[in-house]
2 protein chains.
Amino acid sequence: MQKDVVPAYEQVKAWVRQHIARGDWKPGDPVPSESALMEQFGISRMTANRALRELAAEGLVTRVQGSGTKVAQLHRISSQLVIRDIHEEVAERGHVHTTRILEVTEEKAGPAVAESLGLRKGARVFHTILVHMENGVPIQYEDRYVNPAAAPDYLNTDFTQTSPTLHLLQHAPLTEASYSIEACLPNEVEARELGIRRGEPCLVMMRRTVSGAHAASVARLVYPGARYSIAGQFQA
Amino acid sequence: MQKDVVPAYEQVKAWVRQHIARGDWKPGDPVPSESALMEQFGISRMTANRALRELAAEGLVTRVQGSGTKVAQLHRISSQLVIRDIHEEVAERGHVHTTRILEVTEEKAGPAVAESLGLRKGARVFHTILVHMENGVPIQYEDRYVNPAAAPDYLNTDFTQTSPTLHLLQHAPLTEASYSIEACLPNEVEARELGIRRGEPCLVMMRRTVSGAHAASVARLVYPGARYSIAGQFQA
DNA sequence: CAGTGGTCTAGACCACCGA
DNA sequence: CGGTGGTCTAGACCACTGG
């Protein structure tokens with residue numbers, strides 16, 4: 001039975017997907033029930049169930065117990081924003097990534113940082129400021145505070161070899177994160193270090209990461225607008 | 001057996017998740033095999049399989065046939081960027097959404113637009129320019145070209161009642177999309193319509209949507225940087 | 001009520017991996 | 001080779017929906 005290279009449930013999924021993509025079935029239309037698929041494909045109900053359940057997980061169809069399976073309103077096409085190591089990202093483009101280190105210190109947390117990291121005001125925190133360059137051109141100004149509890153070795157890292165993101169990913173596997181992206185003008189220091197004029201707009205990403213029980217780090221990432229864009233793909 | 005409110009496979013998932021979140025099992029560590037879970041929880045293999053398979057789909061664990069299930073390197077935490085109707089978004093914040101219509105026309109496609117929509121240069125395209133306001137304050141300048149083949153009725157829409165995004169979602173269910181986000185300074189018209197100075201940075205999202213066989217629309221969405229940010233959450 | 005999906009079981013065969 | 005995951009089946013009981 002299962003000598004097929006393509007599993008039965010995948011065939012069913014593909015078949016349903018096709019009907020939806022071609023517009024044979026429009027949003028709100030019913031999709032054949034599990035028992036209908038059993039007969040049509042000569043499969044067991046568990047197999048039909050798996051196909052429809054996975055399509056529902058992808059958001060292509062909606063299932064309501066007792067009512068049936070319907071083609072979903074195709075609203076929530078979504079893309080993945082992924083937290084990646086910038087070194088890896090640059091290397092993938094076949095370019096050279098280098099880092100300029102501006103600051104690597106231990107400080108007392110100010111109120112804002114303490115709050116973000118879930119520490120008392122004045123608690124010890126690690127602070128790094130780096131500039132990331134792609135083929136020698138600055139592309140990211142990274143101002144980051146790190147919770148010592150999450151990455152005790154942080155300050156001993158050679159940041160010319162290992163980026164903060166990579167160190168954190170390796171030592172404090174992240175379980176949660178939030179971000180916000182805004183357009184801002186750089187302050188004087190940021191403009192100077194990025195080699196741009198004060199009036200040149202930048203993408204600023206504020207990111208807070210959590211690893212297990214600890215808030216691990218808060219970072220302010222400044223990208224020169226003219227040299228960087230966030231791009232992505234949505235797939236149904 | 002299944003009188004439990006929480007399904008068995010969910011209990012197994014929660015149990016595994018907990019061990020990973022608490023750090024009992026670190027990235028690379030083996031997760032109990034399906035047969036181990038069968039014994040431990042007194043469940044059948046299909047149930048254990050489902051639990052682990054779904055965790056793998058979420059990216060929490062990695063499964064290799066013949067080798068076993070291991071805790072994944074928690075790198076690719078990802079978030080969902082969702083295409084939403086701006087009216088809905090504003091309404092959800094409990095605010096009032098209004099629209100100012102600047103242009104609703106039919107034009108011949110210039111080379112760039114034709115290319116994006118997959119049409120011949122000079123083909124007829126719909127063009128709308130709107131300003132979206134939240135409680136009377138401009139928050140988005142929307143310059144959009146639409147492929148007539150994907151939404152023939154587009155121009156007949158009352159854009160004070162139905163946003164372009166909503167019309168398109170309803171009439172041309174989207175199957176694919178790509179976007180890029182940059183920081184830019186607004187041009188003179190955009191600045192005037194958004195009520196900001198020329199030097200104030202903006203988030204600009206270029207978005208191209210595909211519906212079935214047709215490229216449906218390309219849009220340039222300009223957000224005043226000081227009034228708008230894109231925010232999101234990553235979840236493992 | 002009949003039909004639907006939600007869950008579960010106890011088997012089964014297979015392909016793959018590592019020792 | 002034994003253990004692993006990948007898939008599949010033929011049944012089962014349940015909760016829910018709709019007419």
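This is a predicted model, so every value here is computed, not measured. Throughout, protein chains are lettered first and strands after them, A, B, ... in sequence-line order, and every chain is numbered starting at 1.
- When rounded to the nearest whole Å, the span between NZ of A:K70 and C1' of C:dG5 equals 11 Å.
- Taking the nucleotide of DNA chain C with the nearest heavy atom to each of A:G66 and A:M46, the more 5' of the two is matched to A:G66.
- A close approach under 4.0 Å does not occur between any side-chain nitrogen or oxygen of A:Y9 and OP1 or OP2 of D:dC8.
- Summarising the geometry, the separation between CZ on A:R53 and P on C:dG5 is reported as 13 Å, rounded to the nearest angstrom.
- Where B:S33 and A:V64 meet DNA chain D, the nucleotide closest to each residue was compared, and B:S33 sits on the side nearer the 5' end.
- The interatomic distance linking B:Q11 (CD) with C:dG6 (P) rounds to 18 Å, in whole Å.
- Mapped onto DNA chain C by nearest heavy atom, B:I43 and A:P32 fall at different nucleotides, with A:P32 at the one closer to the 5' end.
- Picking from C:dC8, D:dC8, D:dT9 the nucleotide with the shortest atom distance to the side chain of A:P7 gives D:dC8.
- Side-chain contact annotation: B:H132 with B:E142, donor-acceptor N/O pair under 3.5 Å present.
- Considering only side-chain atoms of B:R45, the nucleotide from D:dG5, C:dG5, C:dT9 that sits closest is D:dG5.
- In this structure, A:E54 places its CD atom 8 Å from P of D:dT7, rounding to the nearest Å.
- Checked against C:dA12, C:dG6, C:dC17, the side chain of B:S67 finds its nearest nucleotide in C:dC17.
- Taking atom CE of residue A:M38 and atom P of nucleotide C:dG5, one finds them 12 Å apart after rounding to whole Å.
- Using the six-membered ring where Trp is involved, A:Y145 and A:H127 have ring planes that are parallel, under 30° apart on the 30 and 60° scheme.
- Rounded to whole Å, the distance from CD on B:Q65 to C1' on C:dC16 is 5 Å.
- For C:dG6, its base never sits under 3.5 Å from the side chain of B:R50 at any donor and acceptor pair.
- Put simply, CG on B:N49 is 18 Å from P on C:dC14, counting in whole angstrom units.
- Comparing C:dA10, D:dT4, D:dC13 by their closest approach to the side chain of B:S44 singles out C:dA10.
- If you measure from atom CG of B:L37 to atom P of D:dG6, you get 13 Å, rounded to the nearest angstrom.
- For CD of A:Q40, the number of neighbouring non-hydrogen atoms (other residues, nucleotides, ligands) closer than 6.0 Å is greater than 12.
- At least one side-chain nitrogen or oxygen of A:T47 sits closer than 4.0 Å to the OP1 or OP2 atom of D:dT9.
- Applying side chain to side chain contact (heavy atoms under 4.5 Å, CB included) to B:V90 and the options B:V96, B:N135, B:I139 leaves one that passes, B:I139.
- For B:E115, the CD atom is loosely surrounded, since the number of other residues' heavy atoms within 6.0 Å does not exceed 12.
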